[in-house]
Amino acid sequence: MPELNDQELEDELRTGLNRCVQSQASRLVGLEERVLAELRSRHRPQRLSAPRPAFGLSRRLALATVALALVIFAGGLFAGMQVERLQSGLANKGTGVQFVIAYPEAQSVAVAGDFTNWDKRPLERGPDGVWRLWVQLPPGRYEYAFIVNGSRWLPDPRASQFVRSYGNDLNSVIYVGKGGETS
Amino acid sequence: MIQRALQGDLDAWGEIVKRYKEAVFGVALGVLRHPSDAEDATSEAFIRAYEKLDHYDPQRRFSTWIFTIVTNLCKNKLRRDKFTAPLKHIGQIIGGRDPARIAYQEARDTLVQEAIAELNDKYRPAIILRYYADLDYQEIAEVLQLPEGTVKTHLYRAKAELRRILIEKGVTADA
Amino acid sequence: MKKLHGRGLILGLALAALLSSAALAATEQEVLNLIGQLPFSTADKAFLSTSYKKGMDEGRLAPDLAMDLLQKVGVQSNAPVDQRRDVLMTIGQALLEELPVDMLISKAEEGVAKGVPMSGILQEIQERKATLEQVKALFEQRGVHSNLTDRSSPYSQASIDAAITDVAGSLEDYVRGGNNPNDAPAVKAAVLNTLKLDGRLPTALVSAIDEHFSEIDLGTIAQAIATRIKNS
């Protein structure tokens, strides 16, 4: 069987890549609105400036300021993403289950799953930027996911199991045992 | 329009995002392979770009600049995932690439996407920037911050590797 | 005098309780009425009425859930009428076959919530219904019955239905997640893992499944799922 020559390979790559992106095009709907909403909600709207020797700052001080600002900025972005991953999750207190996710920048967070008939149930935002909701769940197996700002679906990263649904989507799974224990 | 965004006009930035989001997403998707990660990286890239607009040199092509930002974001994520793999290490994802599953996807372009996904992390950005974003060698070199010669070598090796993977998957020249 | 008074009070309380619960929960009749209003042919509506009534009478379909499904798919959706009808009729057919339908309804509602095209939802539930059929057949072949079918069995229909749902669901998750359907031991392990964690299932039932369902039994269904997805 003959190998693909250069031109054929390049054509396949171009077609394949383009189709891949097209198949995911629905994800991009409204992306500019989400970006703008995020930018508007940030507490520090001023942009970082490069050091300008013309203003007479000593070089060391200028570099230190920029470095500090970059660290805070990068750290804030990174922490925001990590905090989302580390602090979401489930805590079980007997018969109730708490759905938790830290997402200070969100305007709204909801949960939807088997136990809500996939209707969106809003979580409550605490002053610490952590969103919570208590739900009574009888024993069983439940698939669910969070919805941020009304349209962005994401699984609960702290769940113990994930399953694929409708192609590329991921749902989280929680089990409630006989004694109310969750996993 | 970029001038207006520089002056703080957020709506102008919104127009820019709308214009470039598909291209940026395409790059992110090619490098990260996971659609929702790519979506996050895309939003992230536009947020950072806005916050760094002071650093943007208008002599440069805007697309090259935003591609640099998103490529760096993606490379960092790949590096982080090697150690922490946030979504994947907790519990079991009932998922993963399995040869038996790949056999069920007959569509040729799906196999091509698979092949690209299996490429070494090091080579994939160059392939994406060349065959999705249609950048020339000099632009790719600028985005990846590599010498042009290295870019050419990466592309050469990546294509050889892709040919090999595609043969394994049964994608050969059409009769 | 006293006796009549007492009875009246009890009747009054019972009536109040009945009325208040009826106000909150949907009734079987409301479900049938809603079916009657759907934009489908008379024959199709008759099919839905018969099958959904059977499901409600046999305890497999809660009227509240039926109302929710019929509203979301039958009334509120903008998808083509024939696709919406087919989704509802697939579930009706499952009820006629005495299959547990929780997984099908849940997947349909999930699809609606996420904006999946109705054709995609239809395909998904048709595939999963086929899996449910195979799993139910396996339960019957291996002699794991409810006390309705076999009076000597200790298992209620509800727990058998839950077990069928979990076995089918975990097989679907395993294959759709990209795992190898030809690895029969891994298939069975994945299934048992789910069964053990689900608090609805009596431990004895999980043990019975472990004992009577071989790796090949479950692996065969996994391979069938893979073929269905491949051909879709």
Side-chain angles (χ1 to χ4, degrees), chain A residues 23-30 90 92 94-95 97 110-122 136-148 150-155 159-183, chain C residues 62 64-73 76 102-103 105-117 119-121 123-125 127-128 158-159 161-163 165-179 190 193-203 206 229 232:
Chain A
S23 73
Q24 297 294 330
S26 57
R27 289 185 181 270
L28 299 179
V29 173
L90 311 166
N92 182 32
T95 51
V97 172
V111 66
D114 291 335
F115 49 90
T116 70
N117 294 339
W118 291 93
D119 293 326
K120 295 171 186 165
R121 294 261 294 272
Q136 297 284 8
L137 286 185
R141 174 197 179 280
Y142 305 93
E143 278 184 44
Y144 67 99
F146 291 119
I147 307 103
V148 171
S151 59
R152 185 182 156 210
W153 289 78
L154 53 119
S160 62
Q161 189 185 352
F162 301 90
V163 293
R164 291 225 170 266
S165 188
Y166 286 111
N168 280 323
D169 266 13
L170 273 182
N171 291 335
S172 299
V173 179
I174 176 179
Y175 295 91
V176 181
K178 298 174 183 60
E181 66 278 16
T182 56
S183 33
Chain C
D64 276 338
L65 190 56
M67 288 295 281
D68 196 66
L69 172 72
L70 290 166
Q71 287 283 356
K72 283 173 178 164
V73 175
Q76 292 161 6
D102 295 335
M103 175 166 70
I105 296 181
S106 179
K107 278 296 157 196
E109 291 181 328
E110 182 191 342
V112 168
K114 289 180 175 176
V116 175
S119 55
I121 295 177
Q123 185 176 308
E124 181 88 13
I125 66 172
E127 286 167 0
R128 286 174 182 262
S159 39
D161 279 353
T165 303
D166 278 356
V167 172
S170 57
L171 288 167
E172 288 276 342
D173 290 338
Y174 179 88
V175 177
R176 285 171 193 275
N179 297 289
N193 181 55
T194 299
L195 295 178
K196 284 174 184 158
L197 291 171
D198 184 346
R200 292 171 300 175
L201 304 183
T203 320
V206 178
I229 294 173
S232 67

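So that the names make sense, note that chain A is the first sequence line, chain B the second, and so on, each numbered from 1. Note that the structure is a prediction, hence the values are computed from the model and not measured.
- Using a cutoff of 4.0 Å between basic side-chain nitrogens and carboxylate oxygens, Asp102(C) and Arg141(A) are not scored as salt-bridged.
- What you find for Pro139(A) and Gly199(C) is that their closest heavy atoms are CB-C, 3.6 Å.
- The side-chain hydrogen bond (donor to acceptor under 3.5 Å, both in side chains) search around Ser165(A) returns Lys107(C), Glu110(C), not counting sequence neighbours.
- A pairwise comparison of heavy atoms in Ser106(C) and Trp118(A) identifies OG-NE1, 3.2 Å as the closest pair.
- Legend: salt bridge (Lys or Arg N to Asp or Glu O under 4.0 Å) pairs involving residues 165-180 of chain A, not counting sequence neighbours, sorted by first then second residue: Asp169(A)-Lys114(C).
- Atom CD1 of residue Ile105(C) and atom CG of residue Asp114(A) lie 11.5 Å apart, to the nearest 0.5 angstrom.
- Neither the backbone nor the side chain of Thr165(C) comes within contact range of chain A, judged by heavy atoms closer than 4.5 Å.
- Contacts between Leu201(C) and chain A at a heavy-atom distance below 4.5 Å involve the backbone alone (N, CA, C, O).
- Looking at every heavy atom in both residues, Asp198(C) comes nearest to Tyr175(A) through N-CD2, 4.0 Å.
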Show the numbers, then the answer: is there a side-chain contact (heavy atoms from CB on, under 4.5 Å) between Asp173(C) and Val173(A)? CA-CA 11 Å; Asp173(C) 290 338; Val173(A) 179; 5.6 Å; no
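- Proximity to chain A is limited to the backbone of Ala108(C), based on heavy atoms less than 4.5 angstrom apart.
- Atom CG of residue Asp119(A) and atom NZ of residue Lys72(C) lie 3.5 Å apart, to the nearest 0.5 angstrom.
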